[in-house]
Protein chains: 2
Amino acid sequence: MNLKDLAASLGLSQTTVSRALNGYPEVSEATRKRVTAAALEHGYRPDSRARSLATGKAMAVGLVLPMTAKQEIVNPVFADFVAGAAETLATRGYDIVLSLASEEEQTNVYRSMLSKGRVDGMIMQAPLTGDPRIALLKDLGMPFVVHGRVSDHDDEYCWMDMDNRHAFHEATGHLLDLGHVRIALLNGLEAMDFAHRRRDGFLDALSERGLTADPAIMASSTMTEQFGYNEAMRMLALPEPPTAMLTSSLLVAMGAHRAIQARGLRMGLDVSVVTHDDGLSYLPNGTEEAPIFTATQSPVRSHGNICAEMLLKRIDQDKTPPIQTKLKASFVIGPSSGPAPTL
Amino acid sequence: MNLKDLAASLGLSQTTVSRALNGYPEVSEATRKRVTAAALEHGYRPDSRARSLATGKAMAVGLVLPMTAKQEIVNPVFADFVAGAAETLATRGYDIVLSLASEEEQTNVYRSMLSKGRVDGMIMQAPLTGDPRIALLKDLGMPFVVHGRVSDHDDEYCWMDMDNRHAFHEATGHLLDLGHVRIALLNGLEAMDFAHRRRDGFLDALSERGLTADPAIMASSTMTEQFGYNEAMRMLALPEPPTAMLTSSLLVAMGAHRAIQARGLRMGLDVSVVTHDDGLSYLPNGTEEAPIFTATQSPVRSHGNICAEMLLKRIDQDKTPPIQTKLKASFVIGPSSGPAPTL
DNA sequence: AATCACTGCCAAAGCGCTTTGGACAATCGT
DNA sequence: ACGATTGTCCAAAGCGCTTTGGCAGTGATT
């Protein structure tokens, strides 16, 4: 059942039916009622392609899942972020078009994504330092917003980012205040822009107190529980083990926790752990009142909401200067951090 | 730059250009070369909507993120599953259209999803027992495949499922063989069809050896680390604590592990833990050679691959009888399970 | 009585692509 | 040498919608 048929069955023109259905004023209330009733009865649904072709709006935004050809890690943050974005987009009737791109194919996928008409805008995730995709997206001339930022890139694009530097500066400060001097950093892959910023925050906090970082207790890798466990195990076996650890994700913190226990130590007493918490819905950091880990937190789901919101604004009015949003992580204190043990 | 312009600039008809680009034989090799070169030079990309409208194929499949209005849990399995599906779909040039639906709006979202033309088929995830969506999808008459199954529903639909019953039967058998008698079950929400099947496998294995389950050591909830911890803590404090635990996800097992350690017990010696492992890429169960947890495993990413594959087949030929795939989980033994402690 | 502004409707022109049904030459079989 | 094929190309008809530009009819205004 298409518009033509529906119009015919009502003895009206397509124009009138279309207008009636889309709430235009040029149609009498009586006919509108008649039309909507008939539409409902026949289960009429406009063909989104045809509509999109006619209006020029795709009512969808694109998202590219970055992934190398090798079975690599899916960003655990992805699901919550997408949920947030989808949630906001749904309120405006937008869908998400997902595409997967191996590293080499990134460019092509981005191009084909906006192979005209498929989407009205794009959200780019997990930017690397000096990420070439930004230039590409600008080049393609389509609204986009980046979840994260790219250092060393001009500021002429939309982004939404948490203040990673500040968060890790604060977390490190907290540990320093507690008297810790040997603080380990278990960071994400430093190719990722956010990991870079976090390290800077960490290093700055140290040097502000006249301390220097020890590379032996700084690690950087994909943020898995395993990584946390392995590195913590290694570091705790050092002649001068750290008394505190700063980790980049709850999963890593859990791994560190496991290692601490495996070494017969107690978290929060012998070794403190502070982590960043992305607020993943399926991996809560204890309860709201009683967190397990002392943590900087910024729920990634709300990042999804915000990015979507920004993109929609951008789609509505392309010509305004780019919007940029910086979020401050909150800081909660749990039993995982305590005063540095006295020797 | 559209087809018309491109054709004009080449002094050819749209027909010929279209045919040249799409590899039809009715065009000479010389013109084809000329056309492809020009297309490349002008950066021509066909409008996917127009093409879709003309061909009738959307080159996309739909996926609905189920989610209640309340900030509920995003399925942790989602990301990997989607990655798998996207991976397979990408090889055939298909995209994924993602939509989010609150429980009440499910029906509408499904309807509007295939609001004609948006997608060629759908993948449905996380079916509940007696899930009404299956009837809905059948009713809408669009190819679909279900990741999981629905009990008490006729078999006339495509599904791909792991043999949950068998997996938990085997896992329980393993623990029974080790001499365990009081085995706890930390299951997923029993509204989920798979949780139901797992419980059945567990119960059957027990009763086959003449044992009955104790409701005091059976729990069922959303599969978080917290849930694992809380329930394990509670159970280990019982007058007759379990000597083994069977959990429904790695996250839950990790929670149980934490509880075991918190109680001053040793996993694999005092309390055994066996879990199901969805093979999430960011949450590996140790390494392949050295798993941490004894586990039934079935990587959900490959589920995504398979579902996509099946759906594509289904889209290609709608009229064949529904395909159904049952996967057997593999079973790996790690240090988390050992002989039941002698009293 | 003629003009004007609505109101409520319609015919038809796109949107950009694919595909059907030829047209026109060049080549072939006999 | 003549019809039958084959190789290249094209004009035009959709796909199903929105939207422009009009056209009657109705009251209200000059």
Side-chain angles (χ1 to χ4, degrees), chain A residues 1-36 38-39 42-60 93 95 111-120 142, chain B residues 1-36 38-39 42-60 93 95 111-120 142:
Chain A
M1 168 67 68
N2 56 17
L3 188 61
K4 197 159 140 193
D5 298 343
L6 184 62
S9 84
L10 280 160
L12 288 169
S13 76
Q14 293 192 39
T15 310
T16 306
V17 176
S18 170
R19 299 212 134 129
L21 257 25
N22 293 324
Y24 281 71
E26 301 96 326
V27 56
S28 75
E29 220 32 63
T31 14
R32 191 190 302 283
K33 279 230 176 77
R34 213 157 60 85
V35 170
T36 47
H42 293 92
Y44 167 74
R45 310 232 138 227
D47 183 309
S48 51
R49 299 163 298 188
R51 161 180 275 168
S52 171
L53 194 54
T55 58
K57 312 228 62 181
M59 296 306 283
D95 285 331
R111 282 194 200 287
S112 86
M113 178 66 98
L114 30 104
S115 156
K116 282 216 314 224
R118 190 118 214 167
V119 298
D120 297 320
M142 135 151 333
Chain B
M1 169 64 71
N2 56 20
L3 188 60
K4 196 159 140 193
D5 297 344
L6 185 63
S9 86
L10 280 161
L12 288 170
S13 75
Q14 294 193 37
T15 311
T16 306
V17 176
S18 168
R19 298 212 135 129
L21 257 26
N22 293 324
Y24 281 72
E26 302 97 325
V27 56
S28 75
E29 221 32 64
T31 14
R32 191 190 302 283
K33 278 230 176 74
R34 212 157 62 85
V35 170
T36 47
H42 292 93
Y44 168 74
R45 311 231 138 229
D47 185 307
S48 50
R49 300 163 297 187
R51 162 179 274 168
S52 171
L53 194 54
T55 58
K57 311 229 63 180
M59 296 306 281
D95 284 331
R111 283 193 200 286
S112 86
M113 179 65 100
L114 29 105
S115 157
K116 284 217 312 226
R118 190 116 215 168
V119 298
D120 298 320
M142 135 149 334

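Protein chains get the first letters and strands the later ones, always in sequence-line order, with residue 1 at the start of each.
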ask   = Taking for each residue the nucleotide of DNA chain C bearing the nearest heavy atom, is the 5' side occupied by B/T16 or by B/L53?
value = B/L53

key: Given D/dT18, D/dT8, D/dA11, the nucleotide with the shortest approach to the side chain of A/N22   = D/dT18

Side chain of A/L3 (C-beta onward), nearest among D/dC17, C/dC17, C/dT20 = D/dC17

note = Rounded to whole Å, the CZ-P distance (A/R51 to D/dC15) equals 19 Å

task = Quickly work out the B/R19 CZ to C/dC17 P distance and round it to whole Å.
result = 16 Å

Closest contact, heavy atoms only, A/S52 versus B/R49 = OG-CD, 2.6 Å

key: Integer-rounded Å distance: C/dC10 C1' and A/L6 CG   = 16 Å

ask   = In whole angstrom, what separates A/K57's NZ from C/dC15's C1'?
value = 16 Å

remark   = Taking C/dT18, D/dG21, C/dG8 as options, the one with an atom nearest any side-chain atom of A/S28 is C/dG8

request  = Could you tell me whether A/S18 contacts a base, only the sugar-phosphate backbone, or nothing, with contacts defined as non-hydrogen atoms closer than 4.0 Å?
outcome  = base

query = Taking all atoms of both residues into account, what is the closest heavy-atom pair of A/M59 and A/D120, and its distance?
reply = N-OD2, 2.7 Å

task = Could you tell me which non-hydrogen atom of B/L10 sits nearest to which non-hydrogen atom of B/A38, and how far apart they are?
result = CD2-CB, 3.8 Å

remark   = Taking C/dG8, D/dC17, C/dC17 as options, the one with an atom nearest any side-chain atom of B/P46 is C/dC17

key: Whole-Å distance separating the CG atom of A/L10 from the P atom of C/dC10   = 10 Å

inquiry  = Measuring from the side chain of A/Y24 (C-beta onward, heavy atoms only), which nucleotide among D/dT19, C/dT18, D/dC9 has the closest atom?
reply    = D/dT19

request  = Using a 4.0 Å heavy-atom cut-off across all strands, classify B/R49 as base, sugar-phosphate, or nothing.
outcome  = nothing

message = Are more than 12 heavy atoms, taken from residues, nucleotides or ligands other than A/K57, located less than 6.0 Å from that residue's NZ atom?
response = yes

query = Which atoms form the tightest heavy-atom contact between A/Y44 and A/M1, and what is the distance?
reply = CD1-O, 3.3 Å

inquiry  = Expressed as a whole number of angstroms, how long is the span from A/L12:CG to D/dT18:C1'?
reply    = 17 Å

Nearest-nucleotide 5' precedence on DNA chain D, A/E26 against B/E29 = B/E29

task = Could you state the atom-to-atom distance from OH of B/Y44 to P of C/dT18 in whole Å?
result = 6 Å

inquiry  = At 4.0 Å (heavy atoms only), tell me whether A/T15 reaches a base, stays on the sugar-phosphate, or touches nothing.
reply    = base

message = Applying a 4.0 Å non-hydrogen cut-off, can you work out what B/S48 is touching in the nucleic acid: base, sugar-phosphate, or nothing?
response = nothing

message = What contact category does A/T31 fall into here, base, sugar-phosphate, or nothing, at under 4.0 angstrom with non-hydrogen atoms?
response = sugar-phosphate

key: Residue closer to the 5' end of DNA chain D, B/V27 versus B/T55 (nearest nucleotide)   = B/V27

